[in-house]
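What follows is a short report on a single structure.
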Amino acid sequence: MNLIFAFLAGVVVFCGYLLFDKAIADKKRRDSIRARLAPDGSSLSDEQQEASINLTGDPSPFAANLLSVLRSLTTGVDDSIRKLERRFAQAGSASPNGPIYYLFFKRIGSLVCFVLALACFLGANGDNELLFGVIGFFILIIGFFGPYLYLQNMIDRRKKILQRAFPDTLDLLLICVEAGLALDASLNRVCNELGRAHPEMTAELNRTRLELALINDRVRALMNLGERTDMVAFRSLVSALIQSERFGTSLTDTLRVLSEEFRVQRLTDAEVKAARLPVMMTVPLICFLMPALFIIVLGPAMVGVSHSSDEISSGAAPR
């Protein structure tokens, strides 16, 4: 039991150090981006400072040391990290340290969790057998499936948030383009208007604005938006923007068609959810309403039968 508590304390200390290391790396990355965007010493806006944190860069020294350990102990580290970078971008985290920490915990931490779970199973005896078995089972599940479930939950949650905010964003972008603003100015205006209502969408568009300013290839910057979100709605928007950038076609007509389409889709999704309510309410009604109804209807009859049985068993004539 002391070994388990020591392991949990070590995990807490390790996570705290990772948070501290991430804060230091974010500060350095923010300063680097500020120097590139404002070399004259002028200050960046709050939105640009928030978006600059999410731009990719070099891993922190601690993450680089973990990467060296992974390369010395396992194979295929670089390919795995490249695949994980896309999934972390879809989860809203573009820090280069995230894939390294994830891979280290998955390959090294899972073995440590397996050893601890095995120690719990072997040390289970007497009255503590069930307790040690449950603790070992949870350690085993966390070690092998915890990182994947955590990352997948972040991706699914972020996709739902972006999907909910996309129609409003597209409507505002259409209004800005119809007013004669360029793409960069339109994105700036949309971010200013949606800063409080949809902060996740604002952070994503702010990063796209910074990439449009920093990357020479604007098409690549727009394609990064579709790859980070991995959603049909954003890919359609990116295709329209790229078509406008390459061929000079009318962006207003394309955005108007997309806006109408996703407005209808949002209404359809609301109707689908409303149609599912009766089916979803069936189980709670059966579980909570039917027992009370049975008690009200059959309660008096059961009480009468109980009294009759008592009178018959005592030898008295039933009423």
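Nothing fancy with the numbering, it's 1 onward along the sequence.
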*Apply side-chain contact (heavy atoms from CB on, under 4.5 Å) to the pair V177 and L181, showing each step before the final yes or no.*
CA-CA 5 Å; V177 172; L181 296 178; over 6 Å; no
*Take R107 and S80 through the test side-chain hydrogen bond (donor to acceptor under 3.5 Å, both in side chains) and record every step on the way to the result.*
CA-CA 11 Å; R107 295 190 177 183; S80 300; 3.0 Å; yes
*List the steps, then state whether side-chain contact (heavy atoms from CB on, under 4.5 Å) holds for F145 with L140.*
CA-CA 8 Å; F145 301 103; L140 198 63; over 6 Å; no
*Is there a side-chain contact (heavy atoms from CB on, under 4.5 Å) between L187 and L173 once you walk through the steps?*
CA-CA 7 Å; L187 292 177; L173 186 61; 4.3 Å; yes
*Over 12 foreign heavy atoms within 6.0 Å of CZ, F121*: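 Enclosed.
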_R189 atom CZ: more than 12 heavy-atom contacts under 6.0 Å_ =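 Atom CZ in R189 is not crowded, with 12 or fewer foreign heavy atoms closer than 6.0 Å.
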With a 3.5 Å distance limit and no angle check, can you tell me whether [X] reaches the backbone of [Y] through a side-chain donor-acceptor pair?
X    : Y    : result
T74  : R71  : no
S244 : A240 : no
S306 : M302 : no
S68  : A64  : yes

In terms of hydrophobic clustering (I, L, V, M, F, W, Y; side-chain heavy atoms under 4.5 Å; direct or indirect links), are [X] and [Y] co-clustered?
X    : Y    : result
M290 : V297 : yes
L84  : L73  : yes
M231 : M201 : yes
I135 : L116 : yes

What's the separation between atom [atom1] in [X] and atom [atom2] in [Y], rounded to the nearest 0.5 Å?
X    : Y    : atom1 : atom2 : value
C113 : I141 : SG    : CD1   : 11.0 Å
L172 : H198 : CG    : NE2   : 8.5 Å
F104 : N65  : CZ    : CG    : 10.5 Å
R207 : T202 : CZ    : OG1   : 15.5 Å
L255 : D171 : CG    : CG    : 10.0 Å
N153 : Y148 : CG    : OH    : 11.5 Å

*I would like to know whether R209 and N206 meet side-chain hydrogen bond (donor to acceptor under 3.5 Å, both in side chains); could you show each step before the answer?*
CA-CA 5 Å; R209 288 171 49 209; N206 271 325; 2.4 Å; yes
*Would you say the side-chain atoms of T252 and R256 include a donor-acceptor pair closer than 3.5 Å?*
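No, because no side-chain N or O of T252 sits under 3.5 Å from a partner of the opposite role on R256.
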*asked:* Is it true that R220 and N224 share a donor-acceptor pair across their side chains at a distance under 3.5 Å?
replied: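 Yes.
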_Under a 4.0 Å threshold between the charged nitrogen and the carboxylate oxygen, would R218 count as salt-bridged to D184?_
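Answer for the salt bridge query: yes.
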*Listed once per pair and sorted, the side chain to side chain donor-acceptor pair (under 3.5 Å) pairs that draw on residues 269-280, sequence neighbours left out*: none
_Audit row: D78, K83, salt bridge (Lys or Arg N to Asp or Glu O under 4.0 Å) steps and yes/no_ = CA-CA 9 Å; D78 295 333; K83 294 178 181 179; over 6 Å; no
*Please list all pairs passing the salt bridge (Lys or Arg N to Asp or Glu O under 4.0 Å) test where one or both residues lie in residues 229-242, with sequence neighbours left out.*
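Of all non-adjacent pairs touching residues 229-242, those that pass salt bridge (Lys or Arg N to Asp or Glu O under 4.0 Å) are K159-D230, D230-R235.
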*Which of these passes side chain to side chain contact (heavy atoms under 4.5 Å, CB included) with T169: L162, L194, L174?*
L194
*Dump the intermediate steps for side-chain contact (heavy atoms from CB on, under 4.5 Å) on R87 and L151, then the final yes or no.*
CA-CA 8 Å; R87 289 181 56 82; L151 183 59; 3.7 Å; yes
*Search all heavy atoms of S110 against all heavy atoms of G143 and return the closest pair with its distance.*
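Minimum heavy-atom separation between S110 and G143: CB-O, 3.3 Å.
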_Ring-plane angle category for F88 and Y102, please: parallel below 30°, perpendicular beyond 60°, tilted otherwise._
perpendicular
*Give the C-alpha distance, both sets of side-chain angles, the deciding distance and a yes or no for salt bridge (Lys or Arg N to Asp or Glu O under 4.0 Å) between E85 and R228.*
CA-CA 10 Å; E85 285 177 352; R228 286 196 306 269; over 6 Å; no
